[in-house]
Amino acid sequence: MSSRPAHDLLNRVFGYDDFRGPQQAIVEHVAAGNDALVLMPTGGGKSLCYQVPSLLRDGTGIVISPLIALMQDQVEALRQLGVRAEYLNSTLDGETAARVERELLSGELELLYVAPERLLTGRFLSLLARSRIALFAIDEAHCVSQWGHDFRPEYRQLTVLHERWPQVPRIALTATADPPTQREIAERLDLTGAQHFVSSFDRPNIRYTVVQKDNAKRQLLDFLRGHRDEAGIVYCMSRRKVEETAEFLCAQGMNALPYHAGLPAEVRAENQRRFLREDGIIMCATIAFGMGIDKPDVRFVAHTDLPKSMEGYYQETGRAGRDGEAANAWLCYGLGDVVLLKQMIEQSEAGEERKNLERAKLDHLLGYCESMQCRRQVLLAGFGETYPKPCGNCDNCLQPPDAWDATIAAQKALSCVYRSGQRFGVGHLIDILRGGDNEKIRQFGHNQLSTYGIGNDLDARTWRSVFRQLVAASLLEVDSEAYGGLRLTDASRDVLTGRRKVMMRRDQAPSRERDRSGQR
Ligand code: ADP
Ligand code: ZN
């Protein structure tokens, strides 16, 4: 099919001059009746990929989306362009729903957005059987993956579409960049025969920075000072921390709101509405916030705790800078985060296979955090993409970190773990290394150990950095029984025997005033 009609429609209806990136190829492929799996970063322009073919083909384009809140906005925007679009979900009253159904049957609708649970009802499926369908668009297709945090069981049943309407093209879309998840989407949605359209996941306008946690609140304030009156999201690990952080920021005179699944639905809806409509709101949130949030001018995404995976981190930071203007992705993490997440994995009820996957995911993320290489290169490599040269727009590119030969320090730390019985946490291990004198040291007779006081050459902060990097590199592991206790791993032996050298990243001193002039 010629690209003319598609292009004309893009100009005439949507008012855009040209397709972006792979949009045109996708539109033509789907408009010609073929299946597609589209992997495109947030802000890449996925909506047009099904909206344009829906208008080009006979019948109604059925868009399956789990994001009820967003359907209304999308439909509203389409109506403004003169497109006959409607949505069906639980928020509609009976009368309106009945009208929408009549319009579907009589072929008046160009696009119909529907929630998956609604689509799967016998009533709706029989309605579809009596309608003309242009295509099925399955948005947020990663919801079919049980490994992701957006898993929706109903997505598994969407194969019914292909079984009942094999001749209707399907297009599944996601901003998930992780290759295993991509494979799972193709399998679960019965799209293995579909053409895959994979865009680069690079977000060039996002500047990535990782800092080592020292005094998290002060570090957050420091970071936010570079974003006065700008909108952004601060992700926290727990609901309690979300509320604390929001209160703390408000007390500092900032415009912060909390968002997590434990808040009443009205409060969540109101806070989300304010974040979208008002200027300069800081949303303090758990990962319950964000999927499908279409706010172009989010200037920063800050993580005050370690996210659960690289994929999650990419998705969360991807909410910054959708307008293409400079934005910051800032992550503050420390040893405590690593210990906590490792423990959560070990103590979870999940099977061994799942645990291994989660361990691998966490290790990838830790590799990113501790890396001395360009962050963008590490980030994209995890998604199977090669970024040719250092990006020049991440902390490691802008301020190359110092590396130091930490072999001897690592040996001291590891032998201290070994000699004290492989069950103590970092605080106590550092006390032993630095020859501290306290009750616990005396109680366990740790002042008698050969490693007592051998680490006086380094300060406690540097030791914490050493332990953090040893855990991140799996040269030490967290005991899932004893709270925060550290144990040697198989790999530790090579360090202890001197067969393996250990290079470490020198953490930036907390007091060092960083030059922020180049930040924005
Ligand atoms: P995604 O769903 O992939 O996150 P959207 O479909 O919401 O992205 O598009 C992101 C933004 O880019 C929207 O504001 C949209 O209007 C704009 N956009 C998409 N395609 C084009 C295009 N070809 N030309 C200009 N703007 C576009
Ligand atoms: Zn870089």
Side-chain angles (χ1 to χ4, degrees), residues 3 6-28 36 38-54 63 65-67 70-71 73-78 80-81 83 111 113 137-142 171-177 197-210 276 290-298 314-325 328-329 368 371-381 385-401 518:
S3 67
H7 205 267
D8 287 349
L9 204 134
L10 180 76
N11 300 152
R12 190 162 40 80
V13 177
F14 294 91
Y16 296 134
D17 294 336
D18 282 301
F19 284 113
R20 255 196 214 157
Q23 279 176 336
Q24 180 165 346
I26 297 166
V27 163
E28 287 170 10
V38 173
L39 309 157
M40 206 185 263
T42 306
K46 285 185 284 299
S47 324
L48 280 182
C49 298
Y50 57 81
Q51 288 168 347
V52 175
S54 293
V63 185
S65 166
L67 306 168
L70 216 74
M71 284 183 188
D73 290 350
Q74 287 244 9
V75 164
E76 200 48 54
L78 285 165
Q80 305 241 325
L81 300 172
V83 176
L111 277 150
Y113 286 73
I138 304 170
D139 206 3
E140 311 289 348
H142 60 278
I171 169 171
L173 310 102
T174 178
T176 297
F197 294 88
V198 183
S199 304
S200 167
F201 277 82
D202 183 27
R203 298 287 310 280
N205 58 317
I206 299 182
R207 174 172 299 180
Y208 300 95
T209 303
V210 181
L276 294 175
M291 185 167 63
I293 294 295
D294 187 7
K295 182 174 172 63
D297 59 344
V298 174
Y314 179 84
Q315 291 256 340
E316 285 140 33
T317 53
R319 290 166 191 145
R322 292 183 61 166
D323 53 9
E325 301 290 321
N328 273 303
Y368 169 81
S371 176
M372 294 189 244
Q373 208 191 321
C374 168
R375 304 269 183 210
R376 201 174 305 272
Q377 285 182 326
V378 179
L379 186 72
L380 293 175
E385 212 177 312
T386 313
Y387 194 84
K389 55 180 192 330
C391 74
N393 193 25
C394 72
D395 55 351
N396 285 351
C397 281
L398 293 163
Q399 272 193 314

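Atoms within each ligand, like the ligands themselves, are counted from 1 in listed order.
- The protein heavy-atom contact nearest to atom 17 (C) of ligand 1 is R20 NH2, 3.7 Å.
- For atom 7 (O) of ligand 1, the nearest protein heavy atom (residue, atom name, distance) is R322 NH2, 3.4 Å.
- Closest to atom 6 (O) of ligand 1, if we only count protein heavy atoms, is S47 OG, 2.6 Å.
- Close approach of ligand 1 to F19 is summarised as follows: ligand atoms under 4.0 Å from at least one heavy atom of the residue are 23 (N).
- Interface of D18 with ligand 1, defined as ligand atoms under 4.0 Å from a residue heavy atom, comprises 22 (C), 23 (N), 24 (N).
- Among protein heavy atoms, atom 10 (C) of ligand 1 sits closest to G43 O, 3.6 Å.
- One finds a salt bridge joining K295 and D297 here, because a Lys/Arg side-chain nitrogen approaches an Asp/Glu carboxylate oxygen to under 4.0 Å.
- The structure places OH of Y208 at 12.0 Å from CZ of R375, a figure rounded to the nearest 0.5 Å.
- Between the side chains of N328 and R207, no donor N or O sits under 3.5 Å from an acceptor N or O.
- Contact analysis puts Q23 in contact with ligand 1, with a non-hydrogen atom separation below 4.0 angstrom.
- The structure places CZ of F201 at 15.5 Å from OH of Y387, a figure rounded to the nearest 0.5 Å.
- Remark: minimum distance from atom 24 (N) of ligand 1 to any protein heavy atom is reached at Y16 CG, 3.5 Å.
- Here CD1 of I26 is found 7.5 Å from CG of L173. Values are rounded to the nearest 0.5 Å.
- Contact analysis leaves A175 out of contact with ligand 1, as no non-hydrogen atom separation drops below 4.0 angstrom.
- If you put the vertex on the Zn ion (ligand 2), SG of C391 and SG of C374 sit 100° apart, to the nearest 10°.
- Nearest protein heavy-atom neighbour of atom 9 (O) of ligand 1: G45 CA, 3.5 Å.
- Within the 4.0 Å cut-off (strictly below), a protein heavy atom is located near atom 22 (C) of ligand 1.
- Those atoms of ligand 1 that come under 4.0 Å of a heavy atom in P41, given as number and element, are 3 (O).
- Contact annotation: the side chain of Q377 approaches that of P390 to within less than 4.5 Å [non-hydrogen atoms, C-beta and beyond].
- Heavy atoms of D17 found under 4.0 angstrom from ligand 1: none, in either backbone or side chain.
- Between V27 and P53 the shortest side-chain heavy-atom distance falls below 4.5 Å.
- Using a cut-off of 4.0 Å between Lys/Arg side-chain N and Asp/Glu carboxylate O, R376 and D202 are scored as salt-bridged.
- Proximity of Y113 to L70: side-chain heavy atoms (C-beta onward) are nowhere separated by under 4.5 Å.
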